[in-house]
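These notes are about the structure you will find just below.
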Amino acid sequence: LGFNGVELAVRDPKYLDVEKVINIVNESNLEVPAIGTGQAWGEEGLSLSDPNEIVRKAAIDRIIEQIKFASNFNAQVIIGLIRGVIKEGVFREETEEWTIDSLKKCAEFGLEKKIKLTLEPVNRYESNFINTLQEGMAFIDKIGMPNVGLLADTFHMNIEEVSIYESIIEAKDYITHVHFADSNRWAPGYGHLDFQKIVETLKEINYQGYVSAEILPLPDQDSAAEMTIKTLNSVIK
Ligand code: LER
Ligand code: MN
């Protein structure tokens, strides 16, 4: 269809035949810009912010394994839902401290392997912890590591940002990866977001990275992939 890369969503690299993945990616002439890690939160409850130190340690270890996997492709490792939530009865400050400590450890290992982490603000219905690009930037400043950037996801931004465009401009020095999904999380073109204007804004900030379609496979996966390319071709000139 004309895609340049493929983003991989991996719960635990230990269950992958890594050589086989590398071969398939190479044979298909694709790059891997980023590795999604959220399934470890969704399916195993691993979280970098959990009040329980053992759970945090398991989440850090998982991200370390993801960094090793990512180094096969020079991919960024996404810190999305694996950062967890602010649990009931826990102060925001505590959650932040634990997460900063966890992410520093992950980022230090990333530095050794020359791999970036990209922190993704997600909408309030998925987490109560880091919803806007502004919150993401403030958090990245607190981590204080050079290899932690920001992931701008248009689906989450449509729910949380006052202006998708102004937020992209404000976050221009932080954005290292972009997820595209339309307002309904279907492929770009199936909802009501203005991808022409979003792409113009990304060009305005001279964004040089990938835009990755993170979408529902609806009405079916082939149509979703085709619609993505069709919309991107019509707005990226
Ligand atoms: C992950 O990239 C994301 O956007 C979350 O909403 C998990 O699906
Ligand atoms: Mn996303």
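Counting starts at 1 for both ligands and their atoms, following the listed order. We use all heavy atoms of the structure for the numbers below, so side chains are in, but hydrogens, waters and symmetry mates are not.
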Quick one: nearest non-hydrogen protein atom to atom 6 (O) of ligand 1, plus distance? Glu126 OE1, 2.7 Å

Looking at Asp50 and Lys87, is there a salt bridge between them, counting it only when a charged N and a carboxylate O are closer than 4.0 Å? yes

List ligand 1 atoms under 4.0 Å from Glu214, heavy atoms only on the residue side. 1 (C), 2 (O), 3 (C), 4 (O)

Passing candidate, side-chain hydrogen bond (donor to acceptor under 3.5 Å, both in side chains) with Glu200, options Gln196, Lys197, Lys203: Gln196

With no hydrogens and no angle check, is any side-chain donor or acceptor of Asn128 less than 3.5 Å from a backbone partner on Val85? no

For Glu120, the N, O or S atom at the shortest distance from the Mn ion (ligand 2) is OE2

Test side chain to side chain donor-acceptor pair (under 3.5 Å) applied to Glu161 and His156, step by step: CA-CA 8 Å; Glu161 307 293 335; His156 301 303; over 6 Å; no

For Asp153, state whether at least one heavy atom is located under 4.0 Å from any atom of ligand 1. yes

Which angle, to the nearest 10 degrees, do you find at the Mn ion (ligand 2) between OD2 in Asp153 and OE1 in Glu214? 90°

Atoms of ligand 1 less than 4.0 Å from Glu120 heavy atoms? 1 (C), 2 (O), 3 (C), 4 (O)

Separation between OG1 (Thr37) and CG (Leu117), nearest 0.5 Å, reads 9.5 Å

Evaluate ring pair (Phe, Tyr, Trp, His ring centres under 6.0 Å) for Phe139 paired with Tyr174, printing each intermediate quantity in order. CA-CA 11 Å; Phe139 203 75; Tyr174 289 77; over 10 Å; no

Nearest neighbour in protein (non-hydrogen) for atom 8 (O) of ligand 1: Arg185 NH1, 3.5 Å

Verify the distance test for His179 against the Mn ion (ligand 2): any N/O/S atom under 2.8 Å, yes or no. yes

Can you sort out which atoms of ligand 1 are near His179, meaning under 4.0 Å from one of its heavy atoms? 2 (O)

Expected output: side-chain Asp182 to main-chain Arg185 donor-acceptor under 3.5 Å: no

Could you see which bit of Leu81 sits under 4.0 Å from ligand 1, with heavy atoms only: side chain, backbone, both or neither? side chain

When you look at CD of Glu31, are more than 12 heavy atoms from neighbouring residues, nucleotides or ligands closer to it than 6.0 Å? no

In ligand 1, which numbered atoms sit nearer than 4.0 Å to a non-hydrogen atom of His156? 3 (C), 4 (O), 5 (C), 6 (O)

